[in-house]
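The structure appears right after this line, and notes come after that.
It should be emphasised that the depicted structure is a prediction, and the values quoted were computed from it without experimental measurement.
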Amino acid sequence: MRNLRRAGVGAGVGVLTLALAAPSAAAHNGHDTFGRATLTGFAALPAATFVSASDPSGSLLGGTPSNGITPPFADQPIQGFSGIVRNGDGTFEVLSDNGYGNKANSADFVLRIQRVAPDYGNHTVDVVGGINLTDPNSFVPFALTRPDRVLTGSDFDVESIQRGKDGTYWIGDEFGPYLLHFDRAGRLLQAPIPLDGVRAPENPAGNPNLNSSKGFEGLAQSPDGRKLYALLEGVVAGDAAGGLRLNEFDVASGQYTGKRWIYQLEDPANAIGDAIAVDEDRFLIIERDNGQGATAKFKRIYLADKRDRNRDGKLDKTLVADLMNIADPRRLGGTAETFTFPFQTIEDVVILDDRTLGVVNDNNFPFSNGRTPGKADDNEFITIRLTDPLHADKRFLK
């Protein structure tokens with residue numbers, strides 16, 4: 001790993017502790033709300049951090065400087081975290097997504113699961129390991145970018161991750177959209193699993209009915225590990241505006257069950273960033289606008305319940321944290337008593353305990369500059385404390 005610059009407290013990987021209040025009598029946009037979350041931890045991984053002695057990357061970016069960083073790069077960037085798994089020892093597995101934003105410019109970006117260790121006391125993050133994603137047994141039925149079958153951002157756009165009870169990884173992709181199943185060493189275990197009736201423009205089967213980069217942005221796992229819940233980021237053609245499909249997948253049979261629910265965006269122009277399970281029925285879902293910095297207005301975490309108590313055909317939603325309005329009485333994230341998370345893409349949420357969440361941004365290296373104009377965003381790891389417990393399934397609290 002190479003660090004080309006050191007992150008400051010205000011621009012690095014952060015740790016969030018969310019303080020959830022009990023649902024108030026007053027609704028917010030028709031939803032129950034929790035109280036104001038409180039920042040309890042902050043750490044940062046500098047934007048220009050690389051896997052040492054790895055392959056060159058960024059050659060297809062044209063050598064154009066962005067936020068003070070000029071490609072190509074001698075090594076692979078450690079960036080773009082789009083999914084997170086807690087290890088239980090203070091470290092996390094984080095998923096680097098497809099690279100530089102699309103299929104055409106990411107052929108030399110290697111898909112990888114990084115292992116990181118936030119040090120909240122020093123506001124830093126150490127990269128302590130990682131694995132490349134590969135297909136050595138030729139399960140992918142279409143041509144790959146590299147002859148050695150190391151997977152790249154031109155092959156898949158990986159955006160969400162869960163670790164199964166057997167230690168294998170399930171990863172959600174946007175190009176299919178596909179579910180991808182890897183062993184502990186990052187080797188693909190079976191052919192990519194498509195979602196019946198849904199195709200992105202990058203899907204070789206053709207006839208797309210989903211916009212590009214709108215596949216499986218969220219992937220949740222049931223407490224017993226028997227079911228996966230894959231949430232699309234975009235609306236399937238013909239569905240109502242802002243209505244995103246949450247699809248149930250049975251791990252044992254390797255098939256979708258046919259059950260699905262609708263998560264309704266607050267604004268059809270919004271997008272989701274991540275989805276994880278709280279118990280058998282509830283999910284934490286990041287919903288955000290496309291703004292960054294001064295234009296960032298809507299960055300929130302909702303508790304979504306598939307029991308649909310109001311019978312409107314959609315997941316019930318409770319606002320649990322407004323990431324643009326986090327209390328910071330200890331000024332862990334800067335000099336103000338209000339901390340904001342003003343990034344374009346926020347794609348990682350993880351339960352740390354029943355009243356604490358970890359949240360991480362995707363910094364879209366080197367393009368996003370939501371923290372400081374003209375400066376490439378770091379990966380910030382924050383922890384936030386909720387005013388009330390989530391009452392999460394105990395299997396998620398181990």
Side-chain angles (χ1 to χ4, degrees), residues 57-62 80 82-83 95-111 133 135 139-146 149-161 170-181 188 190-219 228-247 249 256 260 262-263 265 267-275 286-290 344-345 347 362 364-365 367-368:
S57 188
S59 64
L60 301 174
L61 297 179
S82 60
L95 180 67
S96 294
D97 63 19
N98 92 304
Y100 303 110
N102 59 63
K103 193 178 183 76
N105 65 13
S106 300
D108 60 2
F109 187 93
V110 173
L111 301 183
L133 301 181
D135 178 32
F139 287 116
V140 177
F142 48 82
L144 297 179
T145 303
R146 290 178 49 147
R149 306 195 70 79
V150 172
L151 301 179
T152 75
S154 284
D155 303 317
F156 297 101
D157 184 0
V158 292
E159 294 285 351
S160 46
I161 184 171
W170 288 94
I171 289 177
D173 154 77
E174 291 201 306
F175 284 169
Y178 301 113
L179 284 180
L180 305 172
H181 192 197
L188 195 65
Q190 60 190 96
I193 303 169
L195 176 62
D196 290 343
V198 178
R199 293 192 185 103
E202 297 85 359
N203 191 313
N207 299 315
N209 57 357
L210 185 71
N211 287 339
S212 182
S213 296
K214 295 297 180 181
F216 292 144
E217 189 71 40
L219 185 63
L228 296 172
Y229 296 91
L231 179 61
L232 294 172
E233 185 179 8
V235 178
V236 177
D239 287 1
L244 308 182
R245 296 183 184 183
L246 177 70
N247 308 272
F249 179 83
Y256 287 95
R260 71 172 186 241
I262 296 296
Y263 177 85
L265 296 169
D267 184 326
N270 286 351
I272 65 103
D274 200 5
I286 299 174
E287 183 176 339
R288 50 91 179 172
D289 63 18
N290 203 41
Q344 179 183 15
T345 48
E347 300 191 353
D362 174 358
N364 298 309
F365 178 82
F367 305 116
S368 290

Does S160 use its side chain to pair, donor to acceptor, with the backbone of F216 at less than 3.5 Å?
yes

Answer yes or no: is there a side-chain heavy-atom contact under 4.5 Å between Y229 and L246?
yes

Within-4.5 Å side-chain heavy-atom neighbours: P192 and D173
no

At what distance, to the nearest 0.5 angstrom, does CD of E347 lie from CD1 of I272?
8.5 Å

Under 30°, 30 to 60°, or over 60°: which ring-plane class applies to Y178 and F156, parallel, tilted or perpendicular?
perpendicular

Scanning both residues in full, the closest heavy-atom pair of E233 with L244 reads O-CD2, 3.5 Å

CG/L151 to CG/D135 distance, rounded to the nearest 0.5 angstrom?
6.0 Å

Indicate the atoms forming the closest heavy-atom contact of G215 with P177, along with that distance.
CA-CB, 3.9 Å

Side-chain heavy atoms of D267 within contact of D289, under 4.5 Å
no

For a 4.5 angstrom cut-off between non-hydrogen side-chain atoms, does L195 reach F249?
no

Go through the steps for Q344 and N290 under the test side-chain contact (heavy atoms from CB on, under 4.5 Å), then give the verdict.
CA-CA 5 Å; Q344 179 183 15; N290 203 41; 2.9 Å; yes

Of L188, V140, I161, the one forming a side-chain contact (heavy atoms from CB on, under 4.5 Å) with L180 is L188

The reported gap from CG in D157 to NZ in K214 (rounded to nearest 0.5 angstrom) is 11.5 Å

Would a distance-only check, ignoring hydrogens and angles, find a side-chain to backbone donor-acceptor pair under 3.5 Å from S82 to V158?
yes

Which residue in the set L133, V150, I171 passes side-chain contact (heavy atoms from CB on, under 4.5 Å) when paired with L111?
L133

Test item: N209 side-chain N/O and G197 main-chain N/O as donor-acceptor pair under 3.5 Å:
yes

Without swapping roles, check the side chain of N247 against the backbone of R260 for a donor-acceptor pair under 3.5 Å.
no

Do R199 and L210 have side chains that approach each other closer than 4.5 Å (heavy atoms only, starting at C-beta)?
no

To the closest 0.5 Å, what do you measure between OG1 (T152) and CG (D108)?
8.5 Å

For D155 and T145, run side-chain hydrogen bond (donor to acceptor under 3.5 Å, both in side chains): C-alpha distance rounded to whole Å, both residues' side-chain angles, the deciding distance at 0.1 Å, then the answer.
CA-CA 7 Å; D155 303 317; T145 303; 2.9 Å; yes

Less than 4.5 Å apart, any side-chain heavy atom of L231 and any of Y263?
yes

Stepwise side-chain contact (heavy atoms from CB on, under 4.5 Å) test for V198 and R245:
CA-CA 10 Å; V198 178; R245 296 183 184 183; 3.8 Å; yes

Distance from Q190 atom CD to L179 atom CG, nearest 0.5 Å?
9.0 Å

Restricting to side-chain contact (heavy atoms from CB on, under 4.5 Å), what partner residues turn up for K103, sequence neighbours left out?
S154, F175, E202

Distance col, row N364:CG vs T345:OG1, nearest 0.5 angstrom, shows 3.5 Å

Partners meeting ring-ring contact (aromatic ring centres under 6.0 Å, His included) with Y100 (sequence neighbours left out):
F109

